[in-house]
Amino acid sequence: MNDFFSAIMDMINASGFMHLTVMHLVMIGVACLFLYLAIAKKFEPLLLLPIAFGMLAANLPLGGMMHPAFWELENLHAVQFADLFDSAKVGLLDILYMGVKLGIYPPLIFLGIGAMTDFGPLIANPKSLLLGAAAQLGIFVAFFGALFLGFTPQEAGSIAIIGGADGPTAIYTTTKLAPHLLGPIALAAYSYMALVPVIQPPIMKAFTTMKERTVRMEQLRVVSRTEKLLFPIVVTILVAFIIPDATPLVAMLMLGNLFRESGVVQRLSDTAQNALINIVTIFLGLTVGATASAEKLSQPGYGLKALYIILLGMAAFGFGTFGGIIFGKIMCWATKGKVNPLIGSAGVSAVPMAARVSQKVGQEYDPGNFLLMHAMGPNVAGVIGSAVAAGVLISMLGK
Amino acid sequence: MTVAQILGEGSIVFAVGLTVVFAILAFLILVIDINSKIVHAIEGKKKPTPLTSEPKEVVSQSIVSAETTDEEDEELVAVITAAVMAIFAGSNSSSDIRVKAIRRTGRTSPAWNVAGRDEYLATRL
């Protein structure tokens, strides 16, 4: 009889309830909140759902799926990789997390994105690249802001890249500069990307005149297949030479695009934009979310840091939109009214959402104005722009 | 970090960062322009031939494709001609076949059949 009771007691003691702390409950609550946002409010569900669930899984006491402390040492050399064979010390998510830690997943996602992207509108109107550059203003303003709020330059760089409105770029940069902030930064990045249709229009309307908003742009010229074929090759070579730290992201983006444009590797293009990107998205989302563990967040000051990250993310998006719109106005003035400034905000590279926002706002003022294709130019230019900005930040701030 | 240090380091990153991003993308504009000019120069010299044996994608799935009617017509002509060539390749040599005109017949299937076929083609092939 005693054996029976002591066995039951042992089981109770080994249960998660005995090891629950308040912080665990808070994190589980936050994870459920994000699950609600992803599922019911459809906030970027493809990523937010795995991220939220990863957060949930990592915060189940004694669940053993993720051990962030295993990974967060000063550098990769300090990680005890031999312990990966010890199932008492590492769980499923730790193993999958290697793809994040070693910088594998974000470039692979870019491979899929490149295979899905049509750079035609950009090639037809290369000046869109300037709008893509201008919209990265948000990154550098947020950098300043982060420094003022007490973050180290490396942390500030990781937070700032949220303004690039590019999930994989933000994750890649954060992994290299400030891996301990990966959870909140990824959550902020994807949440704000989902909020683009809410954040952008007020800024777009505030800084443009009625006349500018109703500008109708000339039809884009047809882009030949050869042009579309040479573009990824040339961009890869040039960007890799000029800013080597951006190479993994830009090269994979362009390779994916080459898969698409060459027409001779249909299977590879198909896989890259479907199976591959889906698999990597699952692993990436799950493990990034899992880094937001209660142990880490109970560290003093972390909650405040997370709050700051949320505010800085908003500032980054806001200033990015502002930068794109202002440069759009400059281009409108410089071309004597041939460019509609509203497409400038699409330089904030949330593809294709930001372009759709430009289209929608333009149509509010002129229902026959179809800005979508014109906005796609700056939109995809912004992807390149934010990858370059990430390369710059990594090369200036990385050790 | 002191305020002075923050302003110092922050301004450097701000200035260098924005300058580099703008410079690289401006350089890319130049590259694209040169690229396009070279491609047009080469393609202008070649005589335009409608015969091509590569399968072209007629139905483009991406939301972002900008198709003018000219491009659509050219691609359709190429595909139909290629299909005709493929069918007759066994019996005659392909140089005996010349596509003179392609005319669309009226809609012979009900709309639902067409829609179903389109969906099948898009998802299964």
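Within every chain, numbering begins at 1; the chains are lettered A, B, ... in the order of the sequence lines, protein sequences first and strands thereafter.
Once rounded to the nearest 0.5 Å, the distance linking CZ of A:Phe144 with CD1 of B:Ile6 reads 9.0 Å. Rounded to the nearest 0.5 angstrom, A:Phe140 CZ and B:Ser11 OG are separated by 13.0 Å.
Taking the six-membered ring where the residue is Trp, A:Phe327 and B:Phe22 present tilted rings, their angle falling between 30° and 60°.
B:Leu25 and A:Leu129 make their closest contact through CD1-O, 3.4 Å (heavy atoms, listed as atom of the first residue, atom of the second, distance). Closest of all the heavy-atom pairs between A:Met396 and B:Ile12 is CE-CG2, 4.0 Å. Closest heavy-atom contact between B:Ile29 and A:Lys127: CD1-CA, 3.9 Å. The two residues A:Pro126 and B:Asp33 come nearest to each other via the heavy atoms CG-OD1, 3.8 Å.
Both the backbone and the side chain of A:Leu137 come within less than 4.5 Å of a heavy atom of chain B. B:Leu7 touches chain A through backbone and side chain together, each having a heavy atom under 4.5 Å away. Residue A:Ala246 does not touch chain B at all, counting heavy-atom pairs closer than 4.5 Å. For a residue to count as touching a neighbouring chain, one of its non-hydrogen atoms must lie under 4.5 Å from one of that chain's; by this rule A:Leu230 touches chain B with backbone and side chain alike. In this structure, no portion of A:Val351 lies under 4.5 Å from any heavy atom of chain B.
Chain A forms more heavy-atom pairs under 4.5 Å with one residue of B:Ile38, B:Ile24, B:Val20 than with any other, namely B:Ile24. Chain A forms more heavy-atom pairs under 4.5 Å with one residue of B:Ala15, B:Gly17, B:Ala26, B:Ala23 than with any other, namely B:Gly17. Counting heavy-atom pairs closer than 4.5 Å to chain B, the top-ranked of the candidates A:Ala160, A:Ala133, A:Ala124 is A:Ala133. Most heavy-atom pairs under 4.5 Å with chain B, from the set A:Ile242, A:Ile384, A:Thr226, A:Val392: that is A:Thr226.
Here the side chains of B:Val31 and A:Phe231 are not in contact, with every heavy-atom distance at 4.5 Å or above.
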* Please lay out, stage by stage, how A:Ile123 and B:Asn35 fare under the test side-chain contact (heavy atoms from CB on, under 4.5 Å). => CA-CA 10 Å; A:Ile123 300 173; B:Asn35 197 11; over 6 Å; no

